[in-house]
Number of protein chains: 2
Amino acid sequence: MNIKEVACLAGVSPATVSRVLNGSKNVRKSTRRKVLQAIEESGYRPNQVARGLRLRRFQSIGLVVPDITNEFFATIARSIEDVLHEHNYNLFLCNTREDGEEERRYIKALLDKFVDGIIFVSGGFEENLDLFQGDIPVVAIDRRSNLEGVSFVTSANYEGGYLAAKHLIECGCRRILMVRDQKQVAPMEARWAGYVDCLKDYNIPYDEGLVVSIPVEREAAREYLLRMHSQLEFDGIFAATDVLAIACAHTLLRLGYSIPEDVQIVGFDNITAAEYYNPSLTTIAQEKEALGRKGAELLLERIEDPEKEPATVVLPVQLIQRASTRQY
Amino acid sequence: MNIKEVACLAGVSPATVSRVLNGSKNVRKSTRRKVLQAIEESGYRPNQVARGLRLRRFQSIGLVVPDITNEFFATIARSIEDVLHEHNYNLFLCNTREDGEEERRYIKALLDKFVDGIIFVSGGFEENLDLFQGDIPVVAIDRRSNLEGVSFVTSANYEGGYLAAKHLIECGCRRILMVRDQKQVAPMEARWAGYVDCLKDYNIPYDEGLVVSIPVEREAAREYLLRMHSQLEFDGIFAATDVLAIACAHTLLRLGYSIPEDVQIVGFDNITAAEYYNPSLTTIAQEKEALGRKGAELLLERIEDPEKEPATVVLPVQLIQRASTRQY
DNA sequence: CCCTTGGCGGAAATCGATTTCACTAAAGCA
DNA sequence: TGCTTTAGTGAAATCGATTTCCGCCAAGGG
């Protein structure tokens, strides 16, 4: 069933049907009624591909994430999808597996399909920036990009790092191991910087040997601690993500450490596993839902009004105190 | 840059460019070279929307899941996406939040956008079946549908339920609480049936009071156990998903139970949290990656060859023994 | 040498919706 | 009444790629 058949059924031209469909006011009431009835009767639904071709927008956006099975990214994806769905947009999911080449392929495919905008929650961004000639609005979430014309939503990572270190110090820690992502992406650097500055403020010497840079993978954390725990002297761990924190806790428990008696741990993100882990994990909570939601809103605003300036939004973080640190 | 401009550049007609693009053999080698060079120089990429309109397929499929933040669904989504990406398809993500109405809206939107196929990992399916007039291939993963013409991939849920109960019994349990989803979806019924039959085979009386049907939510499990644990007499729990298992374990530990000394627990799915939980969780592992991968492959096969009969695939499950049950 | 065959490639129709342009009829104004 | 607006509508162009149909030309057969 296409627009021409509906037009026939209603005894008008396709142009008029289109006008009714798109709410043009230059249609007589009686005509509109006829057309609406024809649509109703025929169950006609406009072909979005044809519409997309003509209008050069396809009511859909692309989401690029490194790993959808990571709860942090999945939560962002879900909240983005919520907003889009409310506005009748659809979402292309692109899971790059942190691979820059794949990311490139994905971006091209998205542009070929005329997405109306793209949301990045991903690294490897800089190298692929040439693909955008400012054609479409882009929003980066979590990881900053220094691109002109890209909106940006992130959490207060520096404050989070500071808060984590401060809490551990106030709980009595003096030698705090920081387990961080080896990638020098902005959020990671900021968390680390917050940690460093906090130590400084509390007159605790900064020991470079206590900063561990590894891939954000359970295995990497486990392997590292198994190898190094006896040579390191530490009474607290600030892990830059909850995934790392739980892997650390898991490994230490197996090694016979007690948490929080021997080692106190603070994570970052507040994934659900943090609450359900045993002992439950003290962590810095990001507003994950808000990250996605805000990102989607910024994108849609710029799609509807291309004149709109790109914005930067920084969302607050919050210390969630649980059983992996001592009450104080 | 469109096909006409490329044609100009190469000094041929758009038809010829199209022929080169689509590998038609009726093109002279020299002409082909000219065209390829023009494409190269101009950086031309075909507009997939226009192509989609003409060919009535859009090189993209829709994925309908209840909740992408659930690791089980996320893993399936990722493996589907992997396969699609290899075949140059894109994926529309539809997160229904288990809402049948939303599911309906999503299906319509997908059909309007001319997806080439749909993969369901979702309930609320039956009521929405009228939307498919056999237009496009559909694959259901995990939850069975009795639709004609729908391929189907699932795990051996009955065997899994049996295996879980058997393991608990062999570890000494005699009163096994089964915590299951209140929804009567097929995988859930099968796990329950396996549990029942196993009890029967071991001559353990089936006590209906030991089967708890609740929503698959952490809070529901917690709330139930807090309220009922003192009135129930049980030495083992078979939770129909790891999420429920962990919520149960968490609650029992808080209540002062020891695991596995007082209560042994077996979950289902083998999500990563199962391994990292403390105590680590014995569980029935599903081949999550394979579920998605196989589903995607079945779908693509039927897209490329619509004559192909829909297939049913049942993947094996496996007991993963960890610390929440006693070694035997 | 003429005719057939088939390779090659262009013109034009097509997919389905939107939109411009032009035209009619009715309404407003003098 | 006569002239100008303006509301309402349809015909046709358009978006960009594919494909059918057709014609041209060269090679091969009689």
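These values consider heavy atoms only, across backbone and side chains, with no hydrogens, waters or symmetry-generated copies. Only a predicted model underlies this, so the values are computations on that prediction, with no experimental measurement involved.
- C/dC15 atom C1' lies 13 Å from atom CG of B/Asn47, rounded to whole Å.
- No contact: A/Val49 has no heavy atom under 4.0 Å from any strand.
- Contact check, B/Arg54 against C/dA13: no side-chain N or O comes under 4.0 Å of OP1 or OP2.
- The shortest distance between the side-chain N/O atoms of A/Ser13 and the OP1/OP2 oxygens of D/dG10 is below 4.0 Å.
- Note on A/Arg19: a base of the nucleic acid sits closer than 4.0 angstrom, heavy atoms only.
- Side-chain N or O atoms of A/Asn2 include one that pairs as donor or acceptor with a backbone N or O of A/Glu5 at under 3.5 Å.
- One interatomic measurement links the two molecules: CZ of B/Phe114 to P of C/dC15, which rounds to 12 Å at whole-angstrom precision.
- For B/Thr16 and C/dG10, the shortest distance from a side-chain N or O to OP1 or OP2 is below 4.0 Å.
- Residue A/Lys113 contributes atom NZ, which lies 15 Å from atom C1' of D/dA17 at whole-angstrom precision.
- For B/Asn22 and D/dT18, the shortest distance from a side-chain N or O to OP1 or OP2 is below 4.0 Å.
- Across all their heavy atoms, B/Phe73 and B/Asp67 have their closest contact at CD1-O, 3.4 Å.
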If you restrict it to nitrogen or oxygen atoms, what contacts under 3.5 Å exist between nucleotides 4-8 of chain D and the protein, and what is each distance?
unit_1 : atom_1 : unit_2  : atom_2 : d
D/dG8  : O3'    : A/Arg28 : NH2    : 3.2

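- Distance CD1 (A/Ile3) to C1' (C/dG16): 8 Å, rounded to an integer number of Å.
- Nucleic acid contact class of A/Leu53 (heavy atoms, under 4.0 Å, all strands): base.
- Between the CD atom of B/Glu5 and the C1' atom of D/dG16 there is a distance of 11 Å, given to the nearest Å.
- Although no hydrogens or angles enter the test, the distance criterion places no donor-acceptor pair under 3.5 Å between the side chain of A/Glu41 and the main chain of A/Ala38.
- By the 4.0 Å N-to-carboxylate-O rule, A/Arg143 lies close enough to A/Glu98 to be salt-bridged with it.
- Between B/Arg56 atom CZ and D/dA17 atom P there is a gap of 19 Å when expressed in whole angstrom units.
- Within the 3.5 Å criterion, the main-chain N or O of B/Leu315 finds no donor-acceptor partner in the side chain of B/Glu287.
- Between B/Arg51 and D/dT18 there is a side-chain N or O to OP1 or OP2 distance below 4.0 Å.
- For the residue pair A/Lys113 and B/Gln59, the shortest heavy atom distance occurs at NZ-O, 2.8 Å.
- The aromatic rings of B/Phe58 and A/Phe58 sit tilted relative to each other, their planes meeting at an angle between 30° and 60°.
- Atom-to-atom, CD of B/Gln59 to P of D/dA17 comes out at 15 Å; the value is rounded to the nearest Å.
- Summarising the geometry, the separation between CG on B/Leu21 and P on C/dG9 is reported as 15 Å, rounded to the nearest angstrom.
- Listed pair B/Asn2 / D/dG16 meets the phosphate criterion, a side-chain N or O lying under 4.0 Å from OP1 or OP2.
- Across all strands, A/Tyr44 comes closer than 4.0 Å only to sugar-phosphate atoms, never to a base (heavy-atom distances).
- Enclosure of atom CD in B/Glu86 by more than 12 non-hydrogen atoms of other residues, nucleotides or ligands within 6.0 angstrom is indicated.
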